[in-house]
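Structure first, commentary second.
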Protein chains: 2
Amino acid sequence: MMNPSPVSVHSLLVVEDDAQIRDFLQLSLRAAGYVPLLARTLAEALQLWQDKQPAMLILDLGLPDGDGLSLIQTLRARSDRPILVLSARQSEQDKVQCLNQGADDYLAKPFGVDELLARIRVALRRMERMQLRDQRYLVEALQIDLADGLVRLHGETLHLSPLEYKLLMQLAQHAGRVMTHRQLLQAVWGAEYVDDTHYLRIHMGRLRAKIERDPAAPRYLITELGIGYRLAAS
Amino acid sequence: MMNPSPVSVHSLLVVEDDAQIRDFLQLSLRAAGYVPLLARTLAEALQLWQDKQPAMLILDLGLPDGDGLSLIQTLRARSDRPILVLSARQSEQDKVQCLNQGADDYLAKPFGVDELLARIRVALRRMERMQLRDQRYLVEALQIDLADGLVRLHGETLHLSPLEYKLLMQLAQHAGRVMTHRQLLQAVWGAEYVDDTHYLRIHMGRLRAKIERDPAAPRYLITELGIGYRLAAS
DNA sequence: GGCCGGTATATCAAGCGCATAAACGCGCGC
DNA sequence: GCGCGCGTTTATGCGCTTGATATACCGGCC
C-alpha cells in the first residue's frame with residue numbers, strides 16, 4: 001500500500017533562519033528519503049538553487065535579509081518547480097499574496113510533519129508529470145543560459161532590465177511553445193495583472209529592440225495573434 | 001481597464017451538503033468569474049463530473065451518502081484534474097489521508113473566500129500547463145501539436161488566425177468523428193451562434209485554403225453533408 | 001432541363017489587437 | 001539633490017482578422 005521509496009531521490013531546498021526548525025526539517029526530510037539542502041538567507045538560497053537545481057523549494061517567510069516574496073518571484077520567473085511556503089503569519093492576506101505571486105502551497109505554523117510531508121508528496125508527484133526543459137536555449141545568434149541567467153547575442157552578453165529578464169526567461173523555459181498573455185502576466189507580474197495585456201506589449205517591444213536585428217520582423221520573439229507570444233525554437 | 005472575461009470560462013464542481021455553505025460558495029465563485037456546478041451527494045457529483053467535465057473539484061468532506069475519500073479515489077483514477085478538499089475536520093490524519101489519496105489541496109474550515117480563490121487559481125494555472133501536454137494529431141503531412149500550439153504542414157509551421165486555430169483544435173480533439181454544425185459553433189463562437197452555419201462555411205473555407213493542397217477535394221477537412229464536419233483520422 | 005437546399009469561394013468595410021513613440025513618476029546612486 | 005535607469009501610463013497609427021453581402025457550385029428531384 002504505502003510506497004515511500006521515491007524512484008529518484010529528490011533534493012529539496014529549505015530556506016529557514018531559525019536553527020531549531022532548520023534541524024527539525026532536515027531530520028524529518030532526510031528520514032522521509034529526501035536530500036535537504038539548507039539555506040539561511042535569500043542570497044544563499046539563490047546560490048544553491050542555481051547550483052544544485054533542487055526539485056522544489058520550501059521557504060520560511062520572514063527571513064533576516066529581505067522579503068521572501070521577492071525570492072518567490074525570482075525563482076518563479078526562472079522555473080516551474082514547486083514552491084511551498086511555511087509561515088508563522090496566519091493572515092489571509094499573506095497567504096493570498098504568496099499564492100498569487102507563484103507559490104504552490106502555503107502552510108501556516110504550527111504544522112505537523114505528516115501534513116508537510118503529504119503536501120511535499122503532492123507537489124512532487126505533480127512535478128513528475130512535467131518534464132524538465134533544457135537548461136540552455138540557442139537559436140541562431142541568440143544564446144540563453146537559464147542556469148546562470150546570461151543572455152548573449154553574437155557572443156556578447158547584453159544587458160536586460162529585471163523585468164525584461166524575467167519575461168525572456170519565462171519564454172525561454174517554454175521555448176518553441178506558445179505562452180498565453182495570461183500565463184506570461186501571471187508569471188512575471190503576478191496573478192493580479194492577468195488582464196493588463198498592455199504591459200506585455202510595451203515590454204515585448206523593448207525586448208525586441210534589444211534582441212532583434214529588425215524589430216518589425218522579429219526572428220525570435222514571435223507574436224501569436226490573439227493568444228500570446230512564443231520564443232522561436234530551432 | 002478590468003477585462004473580466006477570461007479566455008476560457010472554467011466550470012467548477014462543488015460538492016457540499018450544507019445549503020448555507022453551498023449558496024455562499026456558489027455566489028463567491030460566480031462573482032469570481034467561474035461557473036459553479038452544485039452537487040449535494042456523491043452520486044450527483046459523479047453524474048455531473050462525467051456529464052459536464054468541470055475543470056476541477058471542490059469537495060466538502062462528511063457527506064451524508066458516503067465517504068468523500070472514495071470520491072477522490074474514483075475521480076483520481078480517471079482524471080488528473082485538481083481536487084481541493086474543504087473540511088471541518090482539523091486533524092492532521094484526515095489531511096494526510098486526503099492528500100495521499102490524490103487530493104491536491106486541503107483547506108480547513110473556517111477559511112476565507114480570498115484564500116479559497118487564491119488556491120483555486122493555483123490549481124487551475126497549473127492545470128493549464130499540463131492539460132494539453134503530449135496531445136498530438138498526425139495524419140499524412142498534417143501535424144497538430146496541441147501542447148505547443150503549432151500546426152505543421154510538411155514540417156513547416158503555418159500561420160492560422162485565432163478563429164481558425166480554435167476551429168481546428170476543436171476538430172482535432174475529436175479527430176475521426178463527426179462534429180455537428182451546432183457543436184462547432186457552440187465551441188468556437190458561443191451558444192448564441194449555434195444557428196449561424198454561415199460563419200462555419202466561411203472559415204472552413206479559409207482553413208482549407210491554408211491546409212489542403214486542393215481545397216476543392218479536401219483530404220483532411222471532410223464535409224458531412226447536412227450534419228457537420230470531420231477531421232480525417234489515420 | 002430547370003428548380004432548389006445545402007455548400008463553397010470572392011470581395012470589401014469595419015473593428016480590434018498590436019506595435020511604437022513619448023511623457024510621467026519613482027527610486028537609486030554618484 | 002540631481003541625473004539616470006526603469007516601470008508605468010497615455011496617445012496614435014497600422015495591419016490583420018472577421019463577418020456581411022454577393023455570387024458561383026453541385027447534387028437530387030420532379
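Below, chain A is the first sequence line, B the second, and so on; all start at residue 1. These numbers were taken from a predicted model, which means no experiment stands behind them.
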Side-chain donor or acceptor of [X] paired with backbone N/O of [Y] under 3.5 Å:
{"X": "B:Asp196", "Y": "B:His198", "answer": "no"}
{"X": "A:Lys109", "Y": "A:Leu86", "answer": "no"}
{"X": "A:Arg76", "Y": "A:Ser79", "answer": "yes"}

Please determine if a side-chain N or O atom of [X] lies less than 4.0 Å away from the OP1 or OP2 oxygen of [N].
{"X": "B:Tyr165", "N": "D:dT17", "answer": "no"}
{"X": "A:Trp189", "N": "D:dG7", "answer": "no"}
{"X": "A:Ser161", "N": "D:dG5", "answer": "no"}
{"X": "B:Tyr229", "N": "C:dG6", "answer": "no"}

Figure out the [atom1]/[atom2] separation between [X] and [N], and round it to whole Å.
{"X": "B:Glu224", "N": "C:dA8", "atom1": "CD", "atom2": "P", "result": "11 Å"}
{"X": "B:Lys166", "N": "D:dT17", "atom1": "NZ", "atom2": "P", "result": "14 Å"}
{"X": "B:Asp196", "N": "D:dG19", "atom1": "CG", "atom2": "C1'", "result": "10 Å"}
{"X": "B:His203", "N": "D:dA20", "atom1": "NE2", "atom2": "C1'", "result": "11 Å"}
{"X": "A:Ile227", "N": "C:dG17", "atom1": "CD1", "atom2": "C1'", "result": "13 Å"}
{"X": "A:His159", "N": "D:dC4", "atom1": "NE2", "atom2": "P", "result": "15 Å"}
{"X": "A:Leu200", "N": "C:dC18", "atom1": "CG", "atom2": "P", "result": "9 Å"}
{"X": "B:Leu221", "N": "C:dT9", "atom1": "CG", "atom2": "C1'", "result": "16 Å"}

Please enumerate all residues that pass ring-ring contact (aromatic ring centres under 6.0 Å, His included) together with B:Tyr229, with sequence neighbours excluded.
B:His181

Residues in side-chain contact (heavy atoms from CB on, under 4.5 Å) contact with B:Arg206, at least two apart in sequence or another chain
B:Glu164, B:Ile202, B:His203

Remember a base hit wins even if backbone is also touched, and classify B:Thr223 as base, sugar-phosphate or nothing at under 4.0 Å, heavy atoms.
sugar-phosphate

With a 4.0 Å cut-off on heavy atoms, is B:Tyr193 in touch with a base, just the backbone sugar-phosphate, or nothing at all?
nothing

Nucleotides 20-29 of chain C: protein proximity per nucleotide (B base, S sugar-phosphate only, - neither; heavy atom, under 4.0 Å):
SBB-------

Would A:Asp105 and B:Arg119 pass as an ion pair if we require N to O under 4.0 Å?
yes

Aromatic A:Trp49 / basic A:Arg81 pairing, under 6.0 angstrom, 45° off normal
yes

